[in-house]
Amino acid sequence: LLSAAKRSITSSIGTKLEFWTPSNCPLGVQLTPYEEEEEDSEYFGTKTFFIKVQLDDEGTIEENENVVQDWGWLTREEMTEKVAVEQGEENSKFYHYLL
């Protein structure tokens with residue numbers, strides 16, 4: 001899981017940011033059940049694992065490798081407000097306590 005998280009970060013924002021993970025364990029997991037039309041007999045839904053990542057330095061996002069279109073450095077309050085608008089108040093509570 002940790003290796004997958006590191007690969008996701010470097011493939012999304014490049015390799016110029018130095019970061020480390022204080023733990024091998026996820027901080028939380030969000031389960032999203034499939035809609036009735038997507039239901040598969042073997043699976044209930046998708047799980048998204050959240051892993052804490054700390055920056056080591058001031059690095060920069062590599063513009064030419066930037067796959068993510070909407071990114072920013074947000075405080076806890078800014079993040080929960082953004083999630084509340086995009087995903088609803090219930091999900092914003094999850095991010096408030098996760099961060």
Legend entry - Pairs where residues 82-99 contributes a residue and the test salt bridge (Lys or Arg N to Asp or Glu O under 4.0 Å) is met, not counting sequence neighbours: Asp70-Lys82, Lys82-Glu86

Inset, instruction - Using side-chain contact (heavy atoms from CB on, under 4.5 Å) as the criterion, list what pairs up with Val29, not counting sequence neighbours. - result: Lys47, Phe49

Inset, instruction - Hey, could you give me the OG1/CG distance between Thr46 and Leu31, rounded to the nearest 0.5 Å? - result: 7.0 Å

Inset, instruction - Quick one: list whatever passes side-chain contact (heavy atoms from CB on, under 4.5 Å) with Glu78, sequence neighbours left out. - result: Leu74, Thr75

Inset, instruction - Give the minimum heavy-atom separation between Leu1 and Pro26, together with the two atoms involved. - result: CD2-CG, 3.9 Å

Legend entry - Thr21: side-chain contact (heavy atoms from CB on, under 4.5 Å) partners, not counting sequence neighbours: Leu2, Lys6, Ile51, Val53

Inset, instruction - Name all residues meeting the side-chain contact (heavy atoms from CB on, under 4.5 Å) criterion together with Phe94; count only those two or more places apart in sequence or in a different chain, and write none if there are none. - result: Gln30, Phe50, Leu98

